[in-house]
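As structure tokens, the structure follows; a few thoughts come after it.
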Amino acid sequence: MSLLATRLLAIVGLLCCIVPVAAAQWLHEEREYMGTKITVEYRLPKSTNTPVEADALFESVFREFQRLDLMMNPWNPRSELARVNREAATRSVHTTPEIIDVVARALHYSQLSDGAFDISFASVGQHYNYREGQAPSQDVLARDRDKIDYTAIQLDRDRREIRFLKAGLQIDLGGIAKGYAVDRAIAILSNAGVSAAVVSAGGDSRILGDMGDRARTVGIRHPRREGEYAVLMPLADTAISTSGDYERFFIKDGVRYHHILDPGTGESALKVQSASVLAERAIDSDALSTTVFVLGVERGLALINALPGIDAIIIDGSGRLHYSEELLLSVDSK
Ligand code: ADP
Ligand code: MG
């Protein structure tokens, strides 16, 4: 059986979040970090854990989310990322191993996607305010669009330094940091002896193991019908991320302004309604779901089909579903 076939046990039907399943000895806690709801669930290892240990484990997982949130939130002037944004256009900035690792992975996906994924989208993205319904004017777009340029982000991994080669360039890790944090959470649980867990940060989830007797049912939200699912899938041992145009948006003069920007224009990417990506690690599914969202059906599937062990489900502009090749194969073979 292929890696994928073990991961995706079946496509159940038409319908990003986890469908809650209550089961004995599974513990569940939710908190807010990184601007979204974080859900941590795990199955108590039978022999070792006492209730006190179980609480301590939740604490260490949520502390990690809090630590990364404080480090990587570009809107918090006291964060390390805000300092990088203030200083890196004038000199090389020595920064944390976590920021260096996440930026390096982001640049990898920028190169793979010819700039569809670009953390310097923030050079323009900082002028949007979705809550207030504000988008940058054409003048601001014209002024700042060329500051979206991942090739102007210089990284020295050995020295742990980052430098921007363009004044006014700003970075935001919102398309990849939640996935990274989910991976860290799963590592903490796994190192503590947990063999079955689900961790979700908004649209980014990772499943460790399975539910014991069955796979975990994961739903992809219907992009236009609140509270409904477009797809339900039983999954085990995988990460899945969904990027949608319904998360943070406003509609003005018939145009949908939302939080995923096409780096070529500095405006919201409008090709699809939702893109979901399955990968082993959530840092990869997170970055790639945003990437595929920007690329659209054709170029998005071409990219995913070229990456071994990665799959995608796209809901196009008219609500039709598109699957990557390996997913189609595993559906056909059922
Ligand atoms: P969500 O944050 O809703 O889970 P995504 O993973 O798709 O959804 O990430 C969207 C976020 O990614 C945006 O809020 C923004 O921070 C960032 N982003 C937007 N456009 C791009 C882009 N072209 N490349 C990289 N990151 C982006
Ligand atoms: Mg993403």
Side-chain angles (χ1 to χ4, degrees), residues 16-18 32-39 69 72-75 81 85 102-103 105-131 135-136 145 147-150 153 169-183 199-206 220-221 223 239-250 257-279 281-296 299-300 303-304 310 312 314-315:
C16 168
C17 27
I18 299 287
E32 287 257 335
Y33 289 111
M34 305 180 106
T36 194
K37 189 168 82 181
I38 312 290
T39 311
D69 190 1
M72 297 186 187
N73 178 356
W75 300 98
L81 191 69
N85 274 331
V102 173
V103 170
R105 201 69 187 148
L107 293 176
H108 168 72
Y109 285 116
S110 300
Q111 279 152 9
L112 267 186
S113 66
D114 198 17
F117 188 82
D118 191 334
I119 52 175
S120 67
F121 83 90
S123 315
V124 171
Q126 62 180 334
H127 302 303
Y128 285 85
N129 185 329
Y130 300 97
R131 230 172 279 153
R145 204 169 5 223
K147 294 169 191 155
I148 306 180
D149 181 2
Y150 72 91
I153 303 170
L169 189 153
Q170 297 281 288
I171 61 172
D172 182 331
L173 303 174
I176 187 167
K178 289 199 289 289
Y180 177 76
V182 166
D183 287 337
V199 177
S200 300
D204 304 298
S205 303
R206 185 162 159 188
I220 297 173
R221 266 180 62 179
I240 178 167
S241 295
T242 295
S243 296
D245 64 7
Y246 46 82
E247 287 289 345
R248 251 177 294 152
F249 76 98
F250 61 92
Y257 294 85
H258 66 84
H259 68 318
I260 302 173
L261 299 188
D262 182 339
T265 61
E267 296 176 291
S268 301
L270 295 173
K271 291 195 178 107
V272 304
Q273 296 178 353
S274 137
S276 301
V277 170
L278 295 122
R281 297 189 306 163
I283 190 172
D284 298 315
S285 60
D286 188 6
L288 281 169
S289 69
T290 310
T291 308
V292 169
F293 189 98
V294 173
L295 288 174
R299 290 181 63 205
L303 172 68
I304 295 299
I310 314 265
I314 306 176
I315 304 178

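Start at 1 and go down the list; that is how both ligands and their atoms are numbered.
Residue-ligand proximity, Arg248 to ligand 1, at heavy-atom distances under 4.0 Å covers atoms 14 (O). Counting atoms of ligand 1 from 1 in the listed order, those under 4.0 Å from a heavy atom of Lys178 are 1 (P), 2 (O), 4 (O). Close contacts between ligand 1 and Asp118 involve ligand atoms 22 (C), 24 (N), 25 (C) [criterion: under 4.0 Å to a heavy atom]. Residue-ligand proximity, Glu247 to ligand 1, at heavy-atom distances under 4.0 Å covers atoms 3 (O). Atoms of ligand 1 found under 4.0 Å from any heavy atom of Ser243 (numbered from 1 in listed order, with element): 5 (P), 6 (O), 7 (O).
When heavy-atom distances to ligand 1 are checked against a 4.0 Å cut-off, His259 comes that close through both its backbone and its side chain. The proximity of Ala106 to ligand 1, defined as any non-hydrogen pair under 4.0 Å, does not occur for either the backbone or the side chain.
Among protein heavy atoms, the minimum distance from atom 15 (C) of ligand 1 is reached at Phe121 CZ, 3.2 Å.
Between Ser289 and ligand 1, not a single N/O pair is under 3.5 Å apart. Between Pro263 and ligand 1, no N or O atom pair is found at a separation short of 3.5 Å.
Residue contact annotation: Ser285 places no N/O/S atom under 2.8 Å from the Mg ion (ligand 2). Look at Asp286 and the Mg ion (ligand 2): an N/O/S atom of the residue is under 2.8 Å from the metal.
Closest heavy-atom approach to atom 25 (C) of ligand 1 within the set Tyr150, Phe117, Tyr130: this belongs to Phe117.
For the pair Gln170/Lys147, no side-chain contact is recorded, criterion being any heavy-atom separation below 4.5 Å from C-beta on. In this structure the side chain of Ser268 never reaches within 4.5 angstrom of the side chain of Asp245, judged on heavy atoms. Between Val272 and Phe293, the closest side-chain pair of non-hydrogen atoms falls below 4.5 Å. For the pair Val294/Phe117, no side-chain contact is recorded, criterion being any heavy-atom separation below 4.5 Å from C-beta on.
Assignment of Ala116 to the shell around ligand 1 is supported, since a heavy atom sits closer than 4.0 Å.
Partner of Arg105 under the salt bridge (charged side-chain N to carboxylate O under 4.0 Å, His left out) criterion, chosen from Asp284, Asp286, Asp183: Asp284.
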